[in-house]
2 protein chains.
Amino acid sequence: MDSIDKKAAIKNVLIRYLDEHRHRKTPERFVILDKIYDIEGHFDIEYLYTKIREDGHTLSRATIYNSIEVFINCGLVQKHQFNTKQPLYEKSYFGKQHDHIIFTDTGEIKEFCDPRIQQIKNTVEDIFDIKIENHSLYFYGVKKNT
Amino acid sequence: MDSIDKKAAIKNVLIRYLDEHRHRKTPERFVILDKIYDIEGHFDIEYLYTKIREDGHTLSRATIYNSIEVFINCGLVQKHQFNTKQPLYEKSYFGKQHDHIIFTDTGEIKEFCDPRIQQIKNTVEDIFDIKIENHSLYFYGVKKNT
DNA sequence: TTCATTGCAAAGCGTTTGCAGTCAC
DNA sequence: GTGACTGCAAACGCTTTGCAATGAA
């Protein structure tokens, strides 16, 4: 699946969600989602806003805040609270599920995957009789100076 | 070990940390730490501030912000960013290590322990050649309506 | 037509900062 | 004595809100 197919598929996820929830399919929402899916890695609202304005679109920060809330609710975007003061976001569709390591000295962030987190999730779901929709796992540490 | 012993032990952890880092042992720091260890569960700065003032101590919010930073650095307090807008804190000594489940509909928070998180931690430490000092794992979900 | 959504600017509010005064060492 | 720490209030900055205008359905 190439980049254009992916964009189309993502757009469809949004359309389906908006339809189901009787929300309007405004052009702003599609522009914002499109730009988010151009960004690799983590970003903050200001970066996204600047990027959209640079591309000649005029829309307000308020709309970005609104829209990103929608995207989080339909699973297209994830919000992270690392140890920065404001939250960072990242697209979360078609990407491999991953967790984060935060280096407490440099602020650098790395990603990793471990299947055992799924097993823990399953256990917790059984024990508490709940449905887990999402998780976040952060390790905080420093590089060994070997 | 009874409650008084625990308080004394915690105080010693702080004293050792302050000595090692050439920080001053101000009365405010001890008052704040003491109050934190009276609180069961999660709390925010405002709650802590009110509690301390109610007990007749006069100290400022700024000092609480400062002190809590110190406590986090010496492992006596943990800071959580759930899906509330401001962070919540909790004491983290003598307490069993635990992770959190956040109910996205009600906002309720539950705690659980799973030893496999330790195993993941060990693996990640080996693979990345790092020392992990801390972690946080949050599951977001809803109760099954059975 | 209707009302959800947008845009702008103002307001909100938890946190940080500046600085004078204090006190741990 | 001295400089780290405190207290107060002002400043900060990200986010939310109010409200009139817009446009999706």
Side-chain angles (χ1 to χ4, degrees), chain A residues 11 14-36 42-53 55-74 77 79-89 107, chain B residues 11-12 14-36 42-74 77 79-90:
Chain A
K11 196 174 165 183
L14 178 58
I15 289 172
R16 205 173 313 131
Y17 177 86
L18 294 175
D19 277 340
E20 279 172 9
H21 292 75
R22 303 284 133 78
H23 291 150
R24 291 184 180 173
K25 295 181 273 297
T26 65
E28 289 80 5
R29 286 173 172 163
F30 292 105
V31 167
I32 297 169
L33 186 63
D34 194 73
K35 290 302 156 203
I36 287 176
H42 308 113
F43 61 90
D44 60 20
I45 298 288
E46 201 53 32
Y47 177 81
L48 178 58
Y49 177 74
T50 306
K51 199 162 184 305
I52 289 170
R53 303 290 285 211
D55 285 12
H57 297 95
T58 50
L59 47 75
S60 71
R61 263 173 269 257
T63 302
I64 295 185
Y65 279 103
N66 278 334
S67 302
I68 218 156
E69 200 60 33
V70 172
F71 304 152
I72 289 168
N73 288 333
C74 61
V77 169
K79 181 176 182 176
H80 295 292
Q81 190 67 53
F82 298 119
N83 54 353
T84 50
K85 54 181 70 167
Q86 88 246 40
L88 296 181
Y89 303 84
Chain B
K11 196 174 165 183
N12 282 334
L14 178 58
I15 289 173
R16 204 175 312 130
Y17 177 85
L18 294 174
D19 277 340
E20 278 170 10
H21 292 74
R22 302 288 130 77
H23 291 152
R24 293 185 176 169
K25 295 182 275 294
T26 65
E28 288 80 5
R29 285 172 174 166
F30 291 104
V31 167
I32 297 168
L33 185 64
D34 194 72
K35 291 301 157 205
I36 288 176
H42 308 112
F43 62 90
D44 62 18
I45 298 290
E46 203 52 31
Y47 177 81
L48 178 58
Y49 177 73
T50 305
K51 202 163 182 304
I52 289 170
R53 303 290 285 210
E54 276 173 0
D55 284 11
H57 296 94
T58 49
L59 47 74
S60 72
R61 262 173 269 257
T63 302
I64 294 184
Y65 280 103
N66 278 334
S67 301
I68 217 155
E69 199 61 31
V70 171
F71 304 152
I72 290 168
N73 288 333
C74 59
V77 169
K79 182 177 181 175
H80 295 291
Q81 190 67 53
F82 298 120
N83 54 353
T84 50
K85 53 181 71 167
Q86 88 246 37
L88 296 180
Y89 302 85
E90 75 181 317

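The structure presented is a predicted model; accordingly, all values stated were derived computationally and were not measured. Residue numbering restarts at 1 for every chain, and letters A, B, ... go by the order of the sequence lines.
To the nearest 0.5 Å, atoms OG (B:Ser67) and CD1 (B:Ile36) are separated by 8.0 Å. Here the straight-line distance linking atom CD1 of A:Ile64 with atom CD of A:Glu46 works out to 8.5 Å at 0.5 Å rounding. To the nearest 0.5 Å, atom NZ of residue B:Lys79 and atom CG of residue B:Leu88 are 11.0 Å apart.
A heavy-atom distance below 4.5 Å is not found between the side chains of B:Asp55 and B:Val31. With a 4.5 Å cut-off on side-chain heavy atoms, B:Asn12 and B:Ile15 count as touching. By the 4.5 Å heavy-atom criterion applied to side chains, B:Phe71 and B:Ile32 are counted as neighbours. Using a 4.5 Å heavy-atom threshold, the side chains of A:Arg29 and A:His23 count as touching. Contact annotation: the side chain of B:Val70 never approaches that of B:Leu33 to less than 4.5 Å [non-hydrogen atoms, C-beta and beyond].
Between the CD1 atom of A:Ile64 and the P atom of D:dC14 there is a distance of 14 Å, given to the nearest Å. Distance B:Ile72 CD1 to C:dT15 P: 11 Å, rounded to the nearest Å. Put simply, CD1 on B:Ile15 is 14 Å from P on C:dA24, counting in whole angstrom units. Between A:Gln81 atom CD and C:dT15 atom P the separation is 11 Å, expressed in whole Å. Distance B:Ile32 CD1 to D:dC5 P: 13 Å, rounded to the nearest Å. The distance from atom CZ of A:Phe30 to atom C1' of C:dT5 is 14 Å, rounded to the nearest whole Å. The distance from atom CZ of B:Arg22 to atom C1' of D:dA4 is 14 Å, rounded to the nearest whole Å.
Applying the side-chain contact (heavy atoms from CB on, under 4.5 Å) rule to B:Tyr47 yields the partners B:Ile39, B:Phe43, B:Asp44, B:Lys51; only residues at least two apart in sequence or on another chain are considered.
Salt bridge A:Asp19/A:Lys25: present, at least one basic N to carboxylate O contact under 4.0 Å.
Nearest heavy atoms, B:Ser60 versus B:Tyr49: C-CE1, 4.1 Å. Smallest separation of non-hydrogen atoms from B:His80 and B:His42: CD2-CD2, 4.1 Å.
Tested against B:Ile68 for a side chain to side chain contact (heavy atoms under 4.5 Å, CB included), the candidates B:Asn73, B:Thr63, B:Val77 yield a single pass: B:Val77.
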Could you list, one pair per line, each protein nitrogen or oxygen that sits under 3.5 Å from a nitrogen or oxygen of nucleotides 20-22 of chain C, together with the distance?
none

Using a cut-off of under 3.5 Å, enumerate the N/O to N/O pairs linking the protein to nucleotides 22-24 of chain D.
from	atom 1	to	atom 2	distance (Å)
D:dG23	N2	A:Arg24	NH1	2.5

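Helix bend of the helix from C:dT1-D:dA25 to C:dC25-D:dG1: the angle between its two end axes, each built from five pairs, comes to 40° after rounding to 10°.
Using a 4.0 Å heavy-atom criterion, one finds that A:Arg29 contacts the sugar-phosphate atoms exclusively.
The number of heavy-atom neighbours closer than 6.0 Å to NZ of A:Lys11, taken from other residues, nucleotides and ligands shown, is 12 or below.
Where B:Asn66 and B:Asp19 meet DNA chain C, the nucleotide closest to each residue was compared, and B:Asn66 sits on the side nearer the 5' end.
For DNA chain C, none of the residues of residues 48-61 of chain B falls under the heavy-atom distance limit of 4.0 Å.
A donor-acceptor pair under 3.5 Å is absent between the side-chain atoms of B:Glu54 and the main chain of B:His57, judged by distance alone. At least one donor-acceptor pair closer than 3.5 Å links the side chain of A:Arg53 to the backbone N or O of A:Leu59.
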Original post:
What string of B, S and - do you get for nucleotides 9-14 of chain C 5' to 3' if you count protein non-hydrogen atoms under 4.0 Å?
Top reply: -----S
